[in-house]
Novice: 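The structure is given below, and queries will be raised subsequently.
Hydrogens, waters and symmetry mates are skipped; everything else that's a heavy atom, side chains included, is used. For clarity, every value in this text was computed on a predicted model and none was experimentally measured. So that the names make sense, note that chain A is the first sequence line, chain B the second, and so on, each numbered from 1.
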Amino acid sequence: MVRPRDGSTKYNSTFAERVYALVRRIPPGRVTTYGRIARAAGAARSARMVGWLLHNAPPEIAAVAHRVVNRHGELTGGWAWGHPAVMRALLEDEGVTFVEEFCVDLERHLWEPEDDPIAMNSTE
DNA sequence: CGTCTGACTTAGT
DNA sequence: TACTAAGCCAGAC
């Protein structure tokens, strides 16, 4: 289910569904990138679509969209909450650490859609 | 219908 | 390491 704007669902492709499904799978306290999601969804070169889909996503997805950052870990979509500080607060509340004011520590919290770090890593 | 823009990424300079 | 250009697909004008 995509519903780009007014329920057109003209490109109700599996791409959007996969993106949303992947975003939903992001565990709390972990983050991933647009590119990783795009690649896992089958469109490695369409990272922008992921961003577009998230901007256009239903509330259910927007609720976990703060776990998606760009390849540098920057909160590029932070303004969707009114201010990146809001997104940062959400991430910090889940235990995500930051290397910069609006840049998460990817080395620590990066989650790859194709794998599940939490399953094979318990403590930290 | 052509052009610009965008919650991006990669490669080249 | 930082900036630029190109690729990507869909929406707004």
Novice: To check you understand the geometry: which heavy-atom pair defines the closest contact between A/Gly77 and A/Tyr34, and what is its length?
Specialist: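 Closest approach of A/Gly77 to A/Tyr34, heavy atoms only: N-OH, 4.0 Å.
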Novice: Taking N or O atoms only and anything under 3.5 Å, show me the protein contacts with nucleotides 4-7 of chain B, one pair per line.
Specialist:
residue : atom : partner : partner atom : Å
B/dG6   : N9   : A/Arg48 : NH2          : 3.4
B/dG6   : N7   : A/Arg48 : NH2          : 2.4
B/dG6   : O6   : A/Arg48 : NH1          : 2.8
B/dA7   : N7   : A/His55 : N            : 3.0
B/dA7   : N7   : A/His55 : ND1          : 3.3
B/dA7   : N6   : A/Leu54 : O            : 3.1
B/dA7   : N3   : A/Tyr34 : OH           : 2.9

Novice: Taking atom P in both C/dT4 and B/dT5, what distance in whole Å separates the two?
Specialist: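 C/dT4 and B/dT5 have their P atoms separated by 16 Å.
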Novice: Might you point out which heavy atoms bring A/Leu22 and A/Ala40 nearest each other, and give the distance in Å?
Specialist: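 Closest approach of A/Leu22 to A/Ala40: CD1-CB, 3.6 Å.
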Novice: Please list, in numerical order, the residues of residues 91-102 of chain A that have a heavy atom closer than 4.0 Å to any atom of DNA chain B.
Specialist: none
Novice: Please examine the side chains of A/Thr97 and A/Glu92, heavy atoms only from C-beta on, and report whether any two atoms are closer than 4.5 Å.
Specialist: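 The answer is no, as the side chains (C-beta and beyond) never meet within the 4.5 Å cut-off.
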Novice: With a 4.5 Å heavy-atom cut-off, do A/Leu106 and A/Val99 have their side chains touching?
Specialist: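 Result no, sub-4.5 Å side-chain heavy-atom pair not found.
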Novice: Using a 6.0 Å cut-off, check whether atom CD of A/Glu100 has over 12 heavy atoms from anything other than its own residue.
Specialist: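 No, CD of A/Glu100 has 12 or fewer neighbouring heavy atoms, counting only those of other groups under 6.0 Å.
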Novice: Under 3.5 Å, is there a donor-acceptor pair between the side chain of A/Tyr20 and the main chain of A/Leu53?
Specialist: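 Side chain of A/Tyr20 to backbone of A/Leu53: a pair is present.
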Novice: Check the distance between C/dC8's C1' and A/Arg39's CZ and give it to me in whole angstrom.
Specialist: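 It works out to 16 Å between those atoms.
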Novice: Distance check, rounded to the nearest 0.5 Å: A/Arg88 atom CZ versus A/Glu101 atom CD?
Specialist: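 Reported value, rounded in 0.5 Å steps: 4.0 Å.
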Novice: Considering only NZ, NE, NH1 and NH2 on the basic side and carboxylate oxygens on the acidic side, decide whether A/Glu94 and A/Arg67 come within less than 4.0 Å.
Specialist: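 Yes.
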Novice: Going through the checks in order, is the side-chain contact (heavy atoms from CB on, under 4.5 Å) test met by A/Val50 and A/Trp52?
Specialist: CA-CA 5 Å; A/Val50 177; A/Trp52 174 80; over 6 Å; no
Novice: If you measure from the P atom in C/dA6 to the same atom in B/dT3, how many Å do you get, rounded?
Specialist: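 Comparing P positions in C/dA6 and B/dT3 gives a spacing of 16 Å.
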Novice: Checking side-chain contact (heavy atoms from CB on, under 4.5 Å) between A/Val31 and each of A/Val68, A/Leu91, A/Leu75, A/Ile26, which is the one that passes?
Specialist: A/Leu91
Novice: What are the atom names and distances for every N/O pair under 3.5 Å that joins the protein to nucleotides 11-13 of chain B?
Specialist:
none

